[in-house]
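Chain naming here is simple, since letters A, B, ... match the order of the sequence lines and numbering starts at 1 in each.
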Number of protein chains: 2
Amino acid sequence: MAEKADSELVRRQNRLLVLGALRQHGASARVELGRLTGLSPASITTICAQLISEGIISEESLPVITPPSGKRGRPTVRLLLNPGAALVLAVKISIDDVMIVLTDFRGETIARTEVRLPTYDAGRDLFGMALADEIARFLAAQRVVPRKISRIGVAIQGLADSRSGSIVWSPAFKEGDIPVAHALEERFGVPCFVANDANMIAEGLVSADRVRYGGVTAAIFTGYGVGMGVIINGEVFHGATGAAAEFGHMNHIPDGALCRCGKRGCVEAYVADYGILRHYTGETGREAPRSAVPESTMTGLNQKAKAGDVKARAAFELAGSALGYGIGRVISILNPDRIVLAGPGLQTSELMDQAMREALEKSVVEVLRRDVAIEQVRFSDDMIIRGTVDALLRIIDRDVFAIATPQAAQALAAHG
Amino acid sequence: MAEKADSELVRRQNRLLVLGALRQHGASARVELGRLTGLSPASITTICAQLISEGIISEESLPVITPPSGKRGRPTVRLLLNPGAALVLAVKISIDDVMIVLTDFRGETIARTEVRLPTYDAGRDLFGMALADEIARFLAAQRVVPRKISRIGVAIQGLADSRSGSIVWSPAFKEGDIPVAHALEERFGVPCFVANDANMIAEGLVSADRVRYGGVTAAIFTGYGVGMGVIINGEVFHGATGAAAEFGHMNHIPDGALCRCGKRGCVEAYVADYGILRHYTGETGREAPRSAVPESTMTGLNQKAKAGDVKARAAFELAGSALGYGIGRVISILNPDRIVLAGPGLQTSELMDQAMREALEKSVVEVLRRDVAIEQVRFSDDMIIRGTVDALLRIIDRDVFAIATPQAAQALAAHG
DNA sequence: AGATTAAATTTGGAGAGCAAAAGAAAGCGG
DNA sequence: CCGCTTTCTTTTGCTCTCCAAATTTAATCT
């Protein structure tokens with residue numbers, strides 16, 4: 001059942017509203033915050049005074065000589081998130097590679113690094129320590145005291161367990177069930193989460209456009225792997241254990257092509273780069289390659305298809321069809337109002353796009369399809385880190401700064 | 001973004017908490033409500049006094065001569081939902097058949113009727129009126145003034161559109177897009193919703209056991225059709241338009257068996273009674289039968305399978321396999337912590353159950369399956385109406401009675 | 001009958017938001 | 001140049017909420 005409500009909850013909620021408005025709209029005057037949140041000027045004044053006294057936001061310092069604004073009335077004083085209020089650390093783990101990004105409370109990047117770190121052959125018990133070492137080295141180089149970090153978020157390909165903070169299964173690791181969050185929390189004394197990379201991209205989408213992606217959206221990403229993030233009422237849906245939206249490993253054809261996960265017939269085994277390539281060369285039964293397929297290979301294959309190569313065309317059509325059936329199954333279960341497709345594959349191959357739409361028409365009744373907007377979005381690798389940062393900042397807003405500190409409230413009351 | 005919070009929201013939330021506690025635990029004393037809701041005795045007193053003055057709840061009237069309770073201290077005064085606070089009307093539409101149930105605010109049935117009403121050949125424009133006529137007749141017979149009804153809920157097989165309140169597609173109707181809610185709202189001046197029957201059963205499950213079904217649960221119902229209801233954080237998930245969880249019409253095999261919906265390869269075309277029967281007789285390409293398969297037919301088929309009939313065994317195994325692959329796909333997308341299976345098919349056929357589990361093992365990696373509890377629940381036809389009533393009452397609690405009427409508050413303040 | 005126990009209510013206070021009034025800081029206009 | 005207007009912000013006074021603590025109520029126990 002829901003929580004009981006009291007005045008503390010009211011304050012928490014309204015502080016969150018103010019922080020959210022500032023995050024979404026950038027520097028804003030108090031009147032503007034009033035409009036955005038629906039709160040009265042009086043309440044906005046009180047809440048902002050408290051947030052300022054806590055160092056979470058600050059008034060914009062105007063230049064000494066104010067230029068004529070051309071507007072009458074008392075000039076607005078814009079408020080902005082205080083960059084130094086918190087630091088967050090976003091980590092993206094790929095095969096034998098780690099990207100670490102440090103941002104301030106506004107989400108501006110302070111420093112970033114990408115380093116080689118063995119993952120595939122890393123032992124279950126040692127990886128967390130190795131990652132912590134790498135992060136510690138990065139922080140030391142940046143002269144940042146670990147304690148100053150407020151949250152750490154780790155994005156991975158594959159299955160994450162949000163409860164235990166571990167990597168359940170990932171193509172980047174030979175072993176499974178690798179604990180990560182606990183090791184980082186121990187080392188740095190900071191809460192840490194582990195999540196699927198596609199879910200993090202979805203976090204980024206919500207942050208970028210709350211209106212567009214605020215309903216029920218399924219965002220599907222194709223490339224070397226296939227991932228999905230599901231947004232329900234503006235919140236990324238993680239499922240019971242954090243493994244929701246495993247679109248890539250949803251079965252497409254019983255006893256079908258072998259997938260990296262060891263099962264047969266997964267969507268990924270048809271739609272991912274390596275799947276398309278395998279179907280072209282005709283070796284679908286073999287284990288998938290470990291290393292990524294070079295982009296040039298896929299571009300080349302695409303050109304062959306365009307030139308009329310029958311085998312290449314068949315491979316792309318098979319991929320498009322699998323994707324279409326997969327999307328159809330997602331529509332049947334989730335009834336989304338929007339499907340976002342991102343990934344190099346679709347953008348380059350009309351063949352695949354067409355096969356996808358045909359499969360959708362064949363497998364889903366029109367009445368279920370008719371209200372779903374399907375759109376393509378440009379994908380960049382940076383979206384994963386970006387989304388992880390967005391998720392981290394949202395967590396801090398909600399779990400840390402929305403909660404009023406009694407000291408600040410009292411201090412404010414004492415010498416108003 | 002979320003709503004702003006104020007004292008009115010606090011009251012609303014806490015009143016809802018009290019109503020919810022009374023609904024779930026039945027008659028309870030004020031102390032008990034305090035324990036259940038986490039509210040202080042003082043607040044409980046105030047809230048209950050207001051709810052009583054509004055006629056929503058009432059104190060239990062004790063017998064004139066109180067028997068010795070054996071307990072010291074001031075005796076508890078139990079509070080209970082006032083049955084007469086509201087009336088709700090739950091309607092279940094099947095092929096050429098309508099069930100109407102009138103219940104009080106506690107959910108106790110006041111009257112019920114089941115009448116023949118042509119649906120399959122009903123015109124799109126006339127059905128709403130015809131249904132309204134039938135309801136009006138029922139209410140007249142019960143001497144209930146339509147205005148006394150607070151909400152109407154209509155459960156249907158097939159696709160409902162919650163926004164327009166219409167039946168988008170249903171096996172009970174030849175035509176599609178049949179408006180229903182609007183006609184009833186016009187006639188009776190009462191808000192009305194239209195929803196899928198499986199979603200209503202899911203509502204019933206949540207009401208019956210909030211703890212068990214409070215996480216992410218997918219409840220799948222097999223029988224003449226195949227349906228699913230998805231529960232996320234204790235709320236039934238309806239999707240963008242109210243058509244979520246269309247498990248039965250999710251594709252299983254591309255270009256597979258013909259389904260009632262006109263597409264090929266839907267789960268239902270393999271798992272529903274008529275699907276199993278067709279596969280036994282070998283006529284999977286034909287249009288599905290309109291009328292329901294008699295239970296005796298399925299029991300007979302089951303016995304044949306047990307006796308070793310190869311074709312019967314194959315039909316059940318095919319059904320179980322389709323169900324297993326379907327469940328696997330649901331697990332991949334939703335990552336539920338619980339799957340509930342209900343329906344005569346599974347309970348009677350171990351063959352089907354076994355094939356289902358084998359398909360699940362073949363199509364979903366162990367790490368995704370391991371945390372999902374799969375349980376069987378006895379299904380009764382009454383669950384649909386029961387769940388619709390539960391949904392209606394929850395709506396009334398939240399949207400009507402949780403909102404404090406200013407008059408009542410003032411009246412209370414005026415003469416203590 | 002008085003003591004004990006437990007439920008419910010009353011009282012007084014704190015914190016929240018809001019409407020209305022007041023204050024602050026700019027441009028405008030004679 | 002100085003008052004007027006405009007607009008943003010703060011202050012004031014009020015109401016609403018919940019809660020802790022004290023009080024009242026109504027039973028049993030001794």
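Side-chain contact check for V400(B) versus I403(B): every heavy-atom pair is 4.5 Å or farther apart.
The overall bend of the helix from dA1(C)-dT30(D) to dG30(C)-dC1(D), read as the angle between its terminal helix axes built from five base pairs each, is 30° when rounded to 10 degrees.
A search for side-chain contact (heavy atoms from CB on, under 4.5 Å) contacts involving A5(B) returns V10(A), Q13(A), N14(A), L9(B), not counting sequence neighbours. For T241(A), the side chain to side chain donor-acceptor pair (under 3.5 Å) partners at least two apart in sequence or on another chain are N335(B). The side-chain contact (heavy atoms from CB on, under 4.5 Å) search around V211(B) returns D209(B), not counting sequence neighbours. In this view, R106(B) satisfies the side chain to side chain donor-acceptor pair (under 3.5 Å) rule with no residue, not counting sequence neighbours. Taking the side-chain contact (heavy atoms from CB on, under 4.5 Å) definition, one finds that R74(B) meets it with nothing, sequence neighbours left out. By the side-chain contact (heavy atoms from CB on, under 4.5 Å) test, R386(A) is found to be paired with T109(A), D382(A), V389(A), residues two or more places apart in sequence or in another chain being considered. Shown here are the side chain to side chain donor-acceptor pair (under 3.5 Å) partners of D6(A), two or more places apart in sequence or in another chain: there are none. In this structure, the ring-ring contact (aromatic ring centres under 6.0 Å, His included) partners of F105(B), at least two apart in sequence or on a different chain, are F401(B).
Nearest to the side chain of A42(B), among dC18(D), dT10(C), dT9(D), sits dT10(C). Comparing dC19(D), dA16(C), dA19(C) by their nearest atom to the side chain of S40(B) picks out dC19(D). For V10(A), the side-chain atoms get nearest to dA16(C) when compared with the rest of dT9(D), dA16(C), dT10(C). Here dA26(C) is the nucleotide among dC18(C), dA26(C), dA16(C) with the atom lying nearest to any side-chain atom of P75(A). Side-chain proximity of P41(A) to dT10(D), dC18(C), dT10(C): nearest is dT10(D). Considering only side-chain atoms of T45(A), the nucleotide from dA7(C), dT17(D), dT10(D) that sits closest is dT10(D).
Summarising the geometry, the separation between CD1 on I44(B) and P on dA20(D) is reported as 13 Å, rounded to the nearest angstrom. Rounded to an integer number of Å, the gap from CG of L51(A) to P of dA16(C) is 12 Å. The interatomic distance linking L39(B) (CG) with dC16(D) (P) rounds to 19 Å, in whole Å. Distance CG (L33(A)) to P (dC8(D)): 13 Å, rounded to an integer number of Å. Rounded to an integer number of Å, the gap from CD1 of I57(B) to P of dA8(C) is 12 Å. The separation between E8(A) atom CD and dC18(D) atom P is 14 Å, rounded to whole Å. The separation between L17(A) atom CG and dA16(C) atom P is 16 Å, rounded to whole Å. The separation between L79(B) atom CG and dA7(C) atom P is 14 Å, rounded to whole Å.
Among the atoms of the strands shown, only primed sugar atoms or phosphate atoms (P, OP1, OP2) are found under 4.0 Å from some heavy atom of I47(B). Residue L9(B) is classed as having no contact, given no heavy-atom separation below 4.0 Å to the nucleic acid.
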Contacts table for residues 26-34 of chain B: side-chain donor-acceptor under 3.5 angstrom, sequence neighbours left out:
from, atom 1, to, atom 2, distance (Å)
S28(B), OG, G26(B), O, 2.7
R30(B), NH1, E59(B), OE2, 3.2
R30(B), NH2, E59(B), OE2, 2.8

Which atom pairs link the protein and nucleotides 23-25 of chain D when you take only N or O atoms and keep those under 3.5 Å?
none

Tabulated below should be each protein N or O lying under 3.5 Å from an N or O of nucleotides 28-30 of chain C; please produce it.
from, atom 1, to, atom 2, distance (Å)
dC28(C), O4', R72(A), NH1, 3.4

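Distances shorter than 4.0 Å separate none of the side-chain N or O atoms of S7(A) from OP1 or OP2 on dC18(D). The side chain of K71(B) places no N or O atom within less than 4.0 Å of a non-bridging phosphate oxygen (OP1 or OP2) of dC29(D). Between N14(B) and dC18(D), a side-chain N or O to OP1/OP2 separation shorter than 4.0 Å is present. In this model, the phosphate group of dG15(C) is not approached by any side-chain N or O of R11(A) to a distance below 4.0 Å at OP1 or OP2.
Taking for each of A5(A) and E59(A) the nucleotide of DNA chain D with the nearest heavy atom, the 5'-most of the two is the partner of E59(A).
Checked by atom type, the side-chain pair S43(A)/S40(A) shows a donor-acceptor distance below 3.5 Å.
At distances below 3.5 Å, at least one donor-acceptor pair connects side-chain atoms of S207(B) with backbone N or O atoms of E203(B). A distance-only check finds a donor-acceptor pair linking the side chain of R338(A) to the backbone of R212(A) [under 3.5 Å].
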